[in-house]
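Encoded as structure tokens, the structure appears first; notes follow it.
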Protein chains: 2
Amino acid sequence: MTPQNKKIPRMSLERLPIYYRTLCNLADAGYLRIKSAQLGRIIHLEATTIRRDFSYFGDLGKSGYGYDIAHLIEIFGTILEVNHTQGLALIGVGNLGRALLINNFRRNPNLEIVAAYDVDPAVIGGIINEVPIQALADLEDDLKAKQIKGVISTVPSHALQEVVDQLVMFGVTSILSFAPEPVHVPESVHVRYLDLTSEVQNLLLLAELS
Amino acid sequence: MTPQNKKIPRMSLERLPIYYRTLCNLADAGYLRIKSAQLGRIIHLEATTIRRDFSYFGDLGKSGYGYDIAHLIEIFGTILEVNHTQGLALIGVGNLGRALLINNFRRNPNLEIVAAYDVDPAVIGGIINEVPIQALADLEDDLKAKQIKGVISTVPSHALQEVVDQLVMFGVTSILSFAPEPVHVPESVHVRYLDLTSEVQNLLLLAELS
DNA sequence: CATTTTTTGTTAATCAAATCACATTTACAT
DNA sequence: ATGTAAATGTGATTTGATTAACAAAAAATG
């Protein structure tokens with residue numbers, strides 16, 4: 001987006017959605033401006049971390065004044081492409097998949113699951129929350145037709161790599177997997193793992209050690 | 001656990017569950033030993049990172065040989081307390097909560113949701129996967145009686161802080177929240193956030209920028 | 001309008017994690 | 001047995017992120 005993309009730290013980008021959401025909440029509550037110190041208190045970050053993060057996206061604040069909330073929302077929204085709705089596919093409509101589908105990013109108008117797939121004949125053909133559930137075999141035409149770049153997978157570990165290989169072949173560039181097993185993908189494809197078991201074990205371990 | 005606890009880097013601890021699971025899979029598949037380089041290829045880490053991680057837990061390998069898988073599983077299992085089952089509580093039995101409950105860490109014998117709570121009279125009194133769903137008002141006696149230290153929360157943002165305050169009061173030390181809003185807790189309580197929207201937005205953002 | 005206060009943006013310092021480089025140890029082959 | 005190849009564990013270095021410190025800029029005040 002900005003010319004010097006490459007140099008924005010990963011961590012600053014990771015915080016962008018949080019900044020965006022928090023600022024939207026503040027705007028909804030009627031606030032017009034905010035200082036880095038206040039925002040820091042809300043989201044538990046040092047003011048200086050926030051200022052540095054913001055600085056990567058331009059000169060957004062004014063000395064002795066703070067930041068204009070609407071302006072920040074405008075800038076961050078553009079970066080996050082909140083205006084252009086991103087169609088997502090869901091692979092795996094088990095209990096978790098169904099819950100995701102029913103929720104379907106209701107609060108986020110720019111994210112939407114538009115297609116769902118499974119291998120179980122019992123669920124194929126059904127419709128959940130207006131999204132039809134299709135056979136995995138239909139993946140190709142559909143992904144390409146709908147220009148889907150992002151996929152959420154609740155596919156279990158043993159079947160995952162095979163599915164992911166297909167996704168990559170059909171042009172998917174972003175995959176969020178709820179299975180812990182790492183999958184092999186080309187450099188250009190981004191995978192993120194959301195492993196509930198690891199998260200919980202870690203949390204308990206930290207508590208244990210402290 | 002080990003005497004010099006404090007010095008084990010957070011990141012090394014975070015990787016422990018992944019190591020543990022991967023090693024268990026290898027053992028199940030009949031492997032007896034592994035070298036840091038092989039393991040690195042499997043879980044996409046530099047061999048040297050793995051060796052250093054392992055070194056924090058003792059002299060676990062042998063030069064020119066590698067690591068004994070069973071031995072690693074033994075050691076890491078002890079640290080993760082895989083033998084002592086940890087009872088967890090679930091707060092919020094909506095679609096996501098229900099999915100978690102139905103799954104209930106089936107694959108992990110040491111984690112188990114043993115109690116579930118909600119405010120909705122329509123679900124209170126029900127039983128899902130052998131776990132009874134109780135009123136939030138019953139929290140106190142129950143958490144204390146069952147010595148529950150870890151909680152998974154799918155409580156929506158607006159109600160979260162209030163619930164968390166109670167949890168802390170009743171002795172909970174670890175909280176996994178599916179809502180993005182940061183909550184205030186004392187130093188001694190660990191909170192982890194698992195915000196689906198942020199994860200997906202970030203993933204798409206990374207793809208966008210690269 | 002000058003002065004004081006506030007708050008930013010950024011350079012410099014610190015801290016933590018990942019990686020390099022290599023001496024040491026052990027296995028294995030001959 | 002002895003020598004060679006393989007792999008570990010760890011000081012030294014590099015990389016990346018956070019925090020501290022402060023000069024410059026803008027707002028608020030009298």
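In what follows, chains are A, B, ... by sequence order, proteins preceding strands, each numbered from 1.
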Problem - B/Q38 CD - D/dA7 P separation (whole Å) - result: 8 Å
Problem - Integer-rounded Å distance: C/dT5 P and A/K35 NZ - result: 15 Å
Handout entry: Length of the line joining B/D59:CG and D/dA7:P, which is rounded to integer Å
Key = 18 Å
Completion exercise
Here the pair of heavy atoms bringing B/Q134 nearest to B/D138 is CB-OD2, 4.0 Å
Fill in the blank from the handout: In A/F54, A/Y67, A/Y20, the residue satisfying ring pair (Phe, Tyr, Trp, His ring centres under 6.0 Å) with A/F76 is A/F54
Problem - Cationic N near anionic O, under 4.0 Å, A/E181 to B/R107 - result: no
Practice task
Just call it for B/Y67: base, sugar-phosphate, or nothing, with non-hydrogen atoms closer than 4.0 Å on any strand.
Solution key: sugar-phosphate
Practice task
Given side chain to side chain contact (heavy atoms under 4.5 Å, CB included), test A/L32 with A/L26 step by step and report yes or no.
Solution key: CA-CA 8 Å; A/L32 297 176; A/L26 287 167; over 6 Å; no
Exercise for the section: Go through the steps to decide whether A/I91 and A/L167 satisfy the test side chain to side chain contact (heavy atoms under 4.5 Å, CB included), and finish with yes or no. Expected result: CA-CA 10 Å; A/I91 323 270; A/L167 293 176; 4.0 Å; yes
Exercise for the section: Output yes when A/K149 and A/E81 qualify as a salt bridge under the 4.0 Å nitrogen-oxygen rule, no when they do not. Expected result: no
Practice task
Would you kindly give the CG-to-C1' distance between A/L72 and C/dG9, to the nearest whole Å?
Solution key: 14 Å
Exercise for the section: State whether the side chain of A/Y56 and the backbone N or O of A/K7 hold a donor-acceptor pair below 3.5 Å, judged by distance alone. Expected result: no
Fill in the blank from the handout: The contact string for nucleotides 23-30 of chain D, one letter per nucleotide 5' to 3', using protein heavy atoms under 4.0 Å with B, S and - for base, sugar-phosphate only and none, comes out as --BSS---
Practice task
Rounded to the nearest angstrom, tell me the gap between atom CD1 in A/I8 and atom P in D/dT18.
Solution key: 14 Å
Problem - Integer-rounded Å distance: C/dT10 C1' and A/K7 NZ - result: 14 Å
Exercise for the section: Give the rounded distance in Å between these two atoms: CZ of A/F57 and C1' of C/dG9. Expected result: 15 Å
Completion exercise
5' to 3', nucleotides 14-22 of chain C under a 4.0 Å protein heavy-atom cut-off (B base, S sugar-phosphate only, - none) gives ---SSBBB-
Handout entry: Rounded distance in Å - CD1 (A/I50) to P (C/dT8)
Key = 9 Å
Fill in the blank from the handout: Tightest non-hydrogen contact, residues B/I128 and B/L101, listed as CB-CD2, 3.9 Å
Fill in the blank from the handout: Scanning both residues in full, the closest heavy-atom pair of B/I42 with B/I34 reads CD1-CD1, 4.4 Å
